[in-house]
Structure formats: structure tokens, C-alpha cells
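These numbers come from the heavy atoms of this one structure, side chains and all, not from hydrogens, waters or symmetry mates. Since the model is a prediction, treat every value here as computed from it, not as a measurement.
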Amino acid sequence: MSAPARLNKQETRESLGWFNWNVSLRGAFETIGGGTTLVFTAFALAIGVPRDAMGYFTAVISCACIVQLLGMPVAGRVRRRKRFILAVAVAEPLLIVAAVLVTPLLPPELRPLSLGVAVFTAAACLHLTRPFSDDWLATTIPSGLRGRYIGRRIRISSFAIVASTLAVGAGVEVLGKDNADGLALLLVLGALFGVGAALTLARATKPVVREPATFAMSDLLVVWRTRPFVRLTAGTVLLMLPFYFAGAYYQVFNLEVARMRPWLIAAMGVGYLLVKLLLTPALGRICDRVGARPLLWAMCPIYMAFFLCFPLVEPGRVWPLIAAWAFVGVADGIYGVAAPAALYGTIPAEGSRPAYFAVYNLISLGCFAIGGVLAVPLLGVLHTIDWSWGPAQLGGYHLFYTLCGLVMIPCTAAVLLFPAARNTKARSAG
């Protein structure tokens with residue numbers, strides 16, 4: 001197979017600039033219109049979607065990852081890759097716009113289904129093009145500038161997310177969290193950022209890339225014979241078990257239980273992002289020195305404390321939640337650098353490497369789908385329990401997050417399934 005044709009310096013510089021615009025605008029789109037964001041959650045609640053049903057949206061978004069696995073053999077045969085990427089990338093936000101405009105007109109019992117179909121289809125568009133858009137970016141970045149460019153790209157996207165988070169908090173504060181029409185307008189505005197993100201790619205030059213390597217379903221069988229990878233994947237599932245249930249209900253808890261004002265929710269989210277952004281470079285250097293496993297051991301108590309702060313929250317007393325989101329940024333920063341470092345150390349340097357990432361992503365996102373579905377009946381049971389703890393009355397969501405914190409305690413042992421520091425370094429060096 002021939003190598004991709006190189007871009008000249010001017011084409012490379014301009015294309016990388018447009019990729020930065022793409023990640024910035026997409027960050028704004030996902031912050032405003034993502035399926036578990038403040039605006040989307042408030043909109044769904046405002047049009048009558050039951051609050052416990054929010055777990056289903058997380059489930060369908062995660063289930064959409066199967067489209068990548070099943071669609072790669074077909075999409076891989078598309079000859080005009082750039083046109084394909086642009087068309088699907090534009091379709092993703094437009095599907096959200098269609099759902100926002102149509103869903104309020106439907107009977108109440110059909111509204112959760114309408115939103116669910118929309119977020120599934122939109123997520124499927126993202127997953128379908130992600131392997132090809134990632135390859136496009138990878139072939140554009142000069143090898144000598146790869147680390148520097150990716151670091152700058154992460155900083156740019158982080159600033160875009162912080163800015164859009166603050167704007168969203170102010171917008172929901174002004175419009176009101178029960179204002180369905182106003183929230184719909186915000187979601188449409190967010191979708192425009194998504195369309196803009198797609199259109200920036202039209203200005204980037206796509207190298208003439210060699211024919212992609214074939215992807216056979218039989219490659220997936222090879223993955224299961226790599227024992228370090230299998231152990232790490234099992235460890236990831238066990239370590240993240242509480243989050244598969246908890247993730248869909250953060251904004252529901254903020255709005256319905258804590259009764260927080262939207263601007264305060266946004267400020268809390270920005271504080272979390274800043275903590276993670278500021279600590280990630282240092283955590284990466286520490287991970288290079290000591291390996292992933294010691295950092296993961298330090299992470300687990302933070303996650304336990306995070307969940308166990310939720311029972312302390314009630315309307316008018318939200319400081320435990322604000323504190324929880326501030327210090328959990330440290331834990332998420334640890335996981336963000338340690339987990340990929342451990343994963344890369346378990347994947348062989350040769351062979352069908354894409355198959356490993358496909359399996360890992362499918363299992364991880366599949367667990368979020370299963371957890372989102374199972375969380376709905378679990379909350380139904382917990383809502384029937386009336387339990388007092390001192391002067392506090394604990395409702396279903398308090399008990400839900402308490403249970404997540406208690407489950408996190410035995411899940412900590414899953415760190416033992418991650419490769420030891422010396423093994424990770426040896427594989428990385430190899």
C-alpha cells in the first residue's frame with residue numbers, strides 16, 4: 001500500500017487551524033446539546049419526560065457505538081471520504097433540531113421515544129465517521145509536532161467548553177428551567193455550533209490517503225487471546241461500575257433534588273473543568289514516572305467520597321455537592337491519564353490494533369447502556385423507601401448515590417487487574 005501524499009507547509013498549517021476551529025465549535029455543541037447536558041435535561045423535564053427515564057437516554061447514546069463496529073466494513077468502501085464525513089457530520093446536529101421542534105407536538109407518552117430515537121441516530125452519526133475523521137487528523141499532523149499540537153488542541157477545546165458552560169448557565173438562568181420554548185431555542189443554537197463545526201472541515205485539505213486496511217470481524221477474536229488486555233478491560237468494567245448507573249442523573253439531581261439555580265450549576269461545572277485542566281499535565285508526568293496503578297489507588301477514595309457527598313445535599317444546602325465536584329476533578333484527571341496509559345501498554349505493537357480499540361469502546365459504552373437501563377427500575381424501588389439519617393430525610397436519589405459510593409468500596413480491588421507500573425513501562429518502551 002502506498003503512503004499518503006504529503007501536504008505542503010501552508011496546507012498543513014491551514015488544515016490544522018481548521019481542525020482547531022472544529023474541536024472548539026464541537027465542544028460548544030456537545031456542551032449545549034449533548035444528551036445528558038443541563039439544557040437537554042431541563043428541556044426533557046419541561047416537556048414532561050419522567051425524570052427517572054433520563055437513564056434511557058444515556059443507554060441509547062451508548063448503544064449507538066455498535067454502529068461503528070457494524071458500519072466500518074461498509075463505510076470503509078466509500079471512496080469520497082471527505083464528502084462522506086461532512087455529510088454525516090452535518091446530519092448529526094440537524095437530527096437534534098428536528099427532535100427539538102417535533103417532540104413537543106407529540107402526545108406526552110411518545111416524547112421520550114422521540115428524543116431517544118433522535119439522540120441515538122445523532123450519536124450513531126458520530127460513531128460512524130469517527131474512525132475516518134480521526135485518521136484524517138492523524139495523517140495531517142506532522143509526526144514531529146504531534147504531541148505539541150494535541151496538547152494545544154486539548155487546551156483550546158477545554159476553553160471552549162468552559163465558555164459555553166458559563167453561557168449555558170446564564171441562558172437557562174434567564175429563560176427559566178421550565179421554559180420549554182426557550183430551552184428549545186438554546187438547543188437549536190447549540191446545533192448551529194455543530195453545523196459550524198462540520199463546515200470547518202470543508203476548509204481543511206484532506207491528504208490523498210492510501211486505501212484503508214481491511215477490517216475483518218475475525219480480527220475481534222484475536223483480542224480475546226491477549227490476556228493483559230482482557231484483564232485490563234475487566235478491571236475497567238469493575239472499577240467504573242458505579243458510574244454506569246450514576247452518570248445519567250447528575251443534572252436531574254442538581255435541578256430536582258438540590259434545586260440549584262442554573263448559573264450555580266454552570267459555575268460548579270466550570271470549577272470541575274478547571275481543576276481537571278490545571279492538574280492533568282502534572283498527573284501525566286507523575287504517571288510516566290510511577291505508572292498507572294499507584295495513581296488509580298489514589299483515585300478510588302476520591303470517588304467514594306464523591307458519591308457519599310450526595311446524601312448531605314438538600315435544597316438550600318448545596319455546598320457538599322459543590323465541594324464534591326471540585327475534588328472529583330482530581331480523580332477524573334487521574335483516570336484521564338492513567339487509564340489510557342494502562343490500555344496502550346496492553347495492546348500489542350503489531351497486528352490488528354483497531355480491533356482492540358473497537359472491543360474496548362464497545363464494552364465500555366455497552367456498560368453505560370446497560371447501567372442506564374437498570375438504573376430506572378432501581379430508582380423506582382429506592383423512591384419507595386423513606387429513610388431518615390439524623391435530621392435529614394433521604395429520598396430515592398440520595399439513597400441511589402449512597403449505594404454507588406458503597407459499591408465503589410469493593411470495586412477498588414479492580415485496580416489489581418491493571419498492569420503493574422513496571423509492566424506498563426516495559427510495554428511502552430517496547
Side-chain angles (χ1 to χ4, degrees), residues 36-38 41-42 45 50-58 169 177 238-273 275-276 297-335 367-368 371-414:
T36 58
T37 62
L38 170 62
T41 300
L45 296 174
R51 62 184 186 178
D52 289 356
M54 293 304 297
Y56 289 132
F57 294 129
T58 298
K177 65 178 183 179
L238 293 174
L239 189 61
M240 292 290 104
L241 182 62
F243 293 93
Y244 300 141
F245 294 83
Y249 295 98
Y250 293 140
Q251 296 296 353
V252 175
F253 189 92
N254 296 338
L255 293 167
E256 298 291 308
V257 180
R259 300 286 181 180
M260 296 175 68
R261 295 180 64 177
W263 71 266
L264 185 55
I265 297 174
M268 183 173 68
V270 168
Y272 159 81
L273 289 169
V275 169
K276 189 166 68 170
W297 283 124
M299 173 195 76
C300 291
I302 302 176
Y303 279 150
M304 294 177 207
F306 168 71
F307 286 126
L308 295 177
C309 282
F310 281 75
L312 305 177
V313 176
E314 59 184 33
R317 188 175 66 194
V318 299
W319 66 263
L321 190 60
I322 295 173
W325 278 105
F327 64 70
V328 83
V330 179
D332 280 356
I334 291 173
Y335 188 78
C367 287
F368 277 106
V373 171
L374 295 180
V376 177
L378 175 60
L379 277 166
V381 173
L382 293 176
H383 284 319
T384 64
I385 301 174
D386 185 16
W387 194 55
S388 299
W389 183 26
Q393 287 291 122
L394 300 184
Y397 286 105
H398 293 110
L399 297 175
F400 176 69
Y401 282 109
T402 300
L403 183 60
C404 289
L406 296 176
V407 169
M408 190 70 218
I409 296 173
C411 287
T412 300

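- Under the rule for a side-chain contact (heavy atoms from CB on, under 4.5 Å), the partners of Ala42 that lie at least two apart in sequence or sit in another chain are Leu183, Leu255.
- Using a 4.5 Å heavy-atom cutoff, the side chains of Met408 and Cys300 are in contact.
- In this structure, Cys411 and Leu239 approach most closely via the heavy-atom pair O-CD1, 3.7 Å.
- Atom CH2 of Trp263 has 12 or fewer neighbouring heavy atoms from other residues, nucleotides or ligands inside a 6.0 Å radius.
- Counting only heavy atoms from C-beta outward, the side chains of Leu406 and Pro242 never approach each other to under 4.5 Å.
- A heavy-atom distance below 4.5 Å is not found between the side chains of Met268 and Leu264.
- Not counting sequence neighbours, Arg259 has no partner by the salt bridge (charged side-chain N to carboxylate O under 4.0 Å, His left out) test.
- Partners of Tyr335 by ring pair (Phe, Tyr, Trp, His ring centres under 6.0 Å), not counting sequence neighbours: none found.
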Review item, side-chain donor-acceptor pairs of residues 301-311, under 3.5 Å, at least two apart:
unit_1: Tyr303; atom_1: OH; unit_2: Asp332; atom_2: OD1; d: 2.4

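- Nearest heavy atom pair, residue Ala326 against residue Val275, reads O-CG1, 3.6 Å.
- Counting heavy atoms from C-beta outward, Thr412 and Trp297 have side chains that approach closer than 4.5 Å.
- Not one N or O on the side chain of Thr41 forms a donor-acceptor pair closer than 3.5 Å with the backbone of Leu38.
- With sequence neighbours excluded, the residues satisfying side-chain hydrogen bond (donor to acceptor under 3.5 Å, both in side chains) with Gln251 are Asn254.
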Throw together a table of side-chain donor-acceptor distances under 3.5 angstrom for residues 397-405, partners on residues two or more places apart or in other chains.
unit_1: Tyr397; atom_1: OH; unit_2: Asp52; atom_2: OD1; d: 2.5
unit_1: His398; atom_1: ND1; unit_2: Gly395; atom_2: N; d: 3.1
unit_1: His398; atom_1: NE2; unit_2: Val313; atom_2: O; d: 2.7
unit_1: Tyr401; atom_1: OH; unit_2: Ala246; atom_2: O; d: 3.0
unit_1: Tyr401; atom_1: OH; unit_2: Tyr249; atom_2: O; d: 3.4
unit_1: Tyr401; atom_1: OH; unit_2: Tyr250; atom_2: N; d: 3.3
unit_1: Thr402; atom_1: OG1; unit_2: His398; atom_2: O; d: 2.8

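- Minimum interatomic distance between Gly371 and Phe245 (heavy atoms only, all atoms of both residues): O-CD2, 3.6 Å.
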